[in-house]
Amino acid sequence: MNTLPQLGEMVQIFGVGCEGCGSFRGDFEVAAVVDTSSIQLVLIAHEVDCDGAADGGWFSRLAVDWNQALQCWQAECHGHSIVISIGRHYRGSVRAVA
């Protein structure tokens, strides 16, 4: 699938690259979808599992941005960039009509 998630939809995300949590996965609710010159999703955590020792409190409200140059979703964790995968959703510049 190659569409943006809809407001209120539950999505599964997977993240890799954070120095504190290593990798994580969780169920998040889409609180906002901003699709202007760049794409940003705001996600609210419902359940998150971290592989590392970091406090997962920063997951409560997560802003995820589409990096057009790298063709991937990214977020910031304590000043470190992490790569995010959103199950069954937008993975590039060609989007299907919702």
Side-chain angles (χ1 to χ4, degrees):
M1 186 181 291
N2 206 26
T3 60
L4 290 173
Q6 300 296 308
L7 189 65
E9 182 178 354
M10 291 295 291
V11 295
Q12 281 193 328
I13 70 168
F14 307 90
V16 181
C18 177
E19 290 183 5
C21 56
S23 64
F24 68 91
R25 67 181 182 278
D27 297 321
F28 289 74
E29 180 180 352
V30 178
V33 178
V34 179
D35 186 4
T36 56
S37 61
S38 63
I39 301 170
Q40 182 181 66
L41 304 175
V42 177
L43 307 173
I44 305 297
H46 281 252
E47 183 177 338
V48 179
D49 294 319
C50 293
D51 291 338
D55 174 18
W58 75 274
F59 289 111
S60 61
R61 189 171 181 89
L62 183 63
V64 180
D65 298 296
W66 178 253
N67 184 320
Q68 184 66 31
L70 296 177
Q71 293 287 297
C72 68
W73 291 105
Q74 289 186 306
E76 293 290 321
C77 177
H78 303 293
H80 301 282
S81 183
I82 56 176
V83 174
I84 303 289
S85 175
I86 303 174
R88 302 181 339 230
H89 285 285
Y90 186 73
R91 291 185 197 91
S93 57
V94 178
R95 285 180 279 165
V97 175

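Here, residue 1 is the first one in the sequence, and each next residue gets the next number.
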Got [X] and [Y] here, is their nearest side-chain heavy-atom distance under 4.5 Å?
X     : Y     : value
Leu62 : Ile13 : yes
Trp66 : Leu41 : no
Val33 : Gln6  : no

Mind listing the closest non-hydrogen atom pair of Ala75 and Ala63 along with its distance?
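Smallest heavy-atom distance, with atoms named: CB-O, 3.5 Å.
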
Identify the heavy atoms of Ala31 and Leu7 that sit nearest to each other, and give their distance.
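Looks like O-CD1, 2.9 Å.
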
With rounding to the nearest 0.5 Å, note down the distance linking CD in Glu47 to CZ in Arg25.
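CZ of Arg25 is found 9.0 Å from CD of Glu47.
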
CZ/Phe24 to CG/Asp49 distance, rounded to the nearest 0.5 angstrom?
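Rounded to the nearest 0.5 Å, the CZ-CG separation comes to 11.0 Å.
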
Does Ile82 share a hydrophobic cluster with Val11, counting links as ILVMFWY side-chain heavy atoms below 4.5 Å and allowing steps through other members?
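Same cluster.
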
Matching residue for Ile39 among Val64, Val34, Leu4 - test: side-chain contact (heavy atoms from CB on, under 4.5 Å):
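Per the side-chain contact (heavy atoms from CB on, under 4.5 Å) rule, the option paired with Ile39 is Leu4, out of Val64, Val34, Leu4.
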
Verify the distance criterion only: is there a donor paired with an acceptor across the side chains of Gln40 and Asp65 at less than 3.5 Å?
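Yes, side-chain donor-acceptor contact under 3.5 Å.
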
